[in-house]
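Every chain is numbered from 1 and lettered A, B, ... according to where its sequence line falls, protein lines coming before strand lines. Owing to the predicted nature of the structure, the values given are computational and were not obtained by experimental measurement.
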Protein chains: 2
Amino acid sequence: MTDQAQIRVLSVDDHPLLREGIAAIINDQPDMVLTADASSGSEGIQKFRELRPDITLMDLRLPDMSGIDSLIAIRTEFSEARIIMLTTFEGDVEIQRALEAGARGYMLKSMPPRELVEVIRQVHAGKKRVPPEVAAHLAEHMSDEELTGREIDVLGHIAGGNRNRDIAEKLFISEETVKVHIKHIMDKLGASDRTQAVAIGVRRGIIQF
Amino acid sequence: MTDQAQIRVLSVDDHPLLREGIAAIINDQPDMVLTADASSGSEGIQKFRELRPDITLMDLRLPDMSGIDSLIAIRTEFSEARIIMLTTFEGDVEIQRALEAGARGYMLKSMPPRELVEVIRQVHAGKKRVPPEVAAHLAEHMSDEELTGREIDVLGHIAGGNRNRDIAEKLFISEETVKVHIKHIMDKLGASDRTQAVAIGVRRGIIQF
DNA sequence: AGAAAAACTACTCGATCGGGTGATGTTTTG
DNA sequence: CAAAACATCACCCGATCGAGTAGTTTTTCT
């Protein structure tokens, strides 16, 4: 044991198996200690209030609320909170949103433990860390315009197999307007038709099932 | 420690974090021991040959080959092998294929450890185990007809934003044939158009990105 | 070998889609 | 406040799609 204070880590993840793995790896590091873990967003927020960990590892998908909402909730209360998103690879939209919401790092569950603990150390030292593979993915689309809320609505209905007329009725707008939205969606996503737009939307995490 | 021989487990998963978690949980059980782990399909096959574990936990997605192919490879050589698929939730197609290929169990990474070890014990005792939530999903589509290889090809091309004519050229068939395939795909999946067919295909794990 | 499933091709026709152009009111934001 | 972004609606038109019908060849399974 060192005299130096250890990095106190909070892990928020609904997969018990993952939590076990994280616990094993964190506690294996002499300079870190897993202070607590939580299996839901609200539990994570509560544990954060109680313990004020140095680093919080947050899964993107949680049973009650999204990891991003939890992150925002914590950072509203404790703006200095250092939170790292830890997730299996989702679309780049999620990554971007997490970083915009103030995440200090973004790690993949598939990364080797050595890198994981290194990111924790770096973020604890005040740096921002996003692994190269994630950064590359992000860069690919950083110039792309984001879809608006309405466009995401429409895209979701397209994925449901709705015709333009059906979408128009469901959204209480004219079919012409739907067509305009679809045109914008295809332009922004670089899709050649509505079908590819859905495929891209799913891959990028814009719409989920 | 008991006199009874322990259940010797091999874990095949490319996520180090998951492997750590599995290791922690397995070794926590007095009647089990993690004999080895592997991070790829071929390594898994090799380790199986060497160690002949009682139970093999196999991830569905592996870097070199699919978990199902690994399962088949092992069971061709050792038909008595007891292999449990352990995965985050994919489409029901994968589950069905794994079970048809001879998997003795199918577990979700999100399941609580208690259930995981219980499944291992049950399978070791010669039973087949599929958790109720997975079984329910499976039952939903058990009556559905499966897509043929050609139909899956076509569906993939549809997802890529190809027009019927493009698909015809790429597959060296006539546009009319493509239309027939698409008709069959939509009928089998219960989709109202090509777009919904892609959405359903992705959700069910028939096509992947 | 014989039956069944899969793959293939052809034709018609109405429905739907997607591109182009142009315009108006509202909301957001610098 | 002014500019930009967003959301809305309309009309034209060619391209594409999907339904229906009908038939042949190849592959697979029993």
### Residue that, paired with A:M111, satisfies side-chain contact (heavy atoms from CB on, under 4.5 Å) out of A:R114, A:K109, A:M107
A:M107

### Message
Rounded to whole Å, please give me the gap between CG in B:N164 and P in C:dA10.
### Response
15 Å

### Query
Between A:I167 (CD1) and D:dA7 (P), how many Å, whole number?
15 Å

### Task
May I have the distance from A:I173 (atom CD1) to D:dA10 (atom P), rounded to whole angstrom?
12 Å

### Query
Would you find a donor on one side and an acceptor on the other, under 3.5 Å apart, between the side chain of A:Q122 and the backbone of A:E118?
no

### Message
Return whichever of B:F172 or B:D193 has its heavy-atom-nearest nucleotide of DNA chain C closer to the 5' end.
### Response
B:F172

### Task
Compare the minimum distances between each of D:dA7, C:dC17, D:dA19 and the side chain of B:M186, then state the nucleotide with the smallest one.
D:dA19

### Pairing of A:E169 and A:R165 as salt bridge, 4.0 angstrom limit
no

### Task
Figure out the CG/P separation between B:L155 and C:dA7, and round it to whole Å.
14 Å

### Side chain to side chain, B:V198 and B:R194, heavy atoms closer than 4.5 Å
no

### Task
Starting from C1' on C:dG19, measure out to NE2 on A:H184 and report it in whole angstrom.
12 Å

### Message
So that I can tick it off, tell me whether A:D166 and A:K170 are bridged by a salt bridge, with the cut-off set at under 4.0 angstrom between side-chain N and carboxylate O.
### Response
no

### Message
Between P on D:dA7 and CG on A:D153, what's the gap in Å once rounded to a whole number?
### Response
9 Å

#### Entry: For atom CG of A:D187 and atom C1' of D:dC6, their distance in whole Å
15 Å

### Task
Look at the side-chain N and O atoms of A:T148 and state whether any lies under 4.0 Å from the OP1 or OP2 oxygen of D:dA5.
no

### Query
Looking at B:D54 and B:R82, does any basic side-chain N land under 4.0 Å from a carboxylate oxygen?
no

### Query
Would you say a side-chain N or O of A:R150 is under 4.0 Å from OP1 or OP2 of D:dT8?
yes

### Under-4.0 Å side-chain N/O to phosphate OP1/OP2 contact, B:R165 with D:dC17
no

### Query
A:L171 CG to D:dC6 P: how many Å, rounded?
17 Å

### Query
Can a donor-acceptor pair be found between the side chains of B:E43 and B:S39 at a distance below 3.5 Å?
yes

### Task
Under 4.0 Å from any atom of DNA chain D, heavy atoms only: list the residues of residues 174-183 of chain A that qualify, in numerical order.
A:S174, A:E176, A:T177, A:V180, A:H181

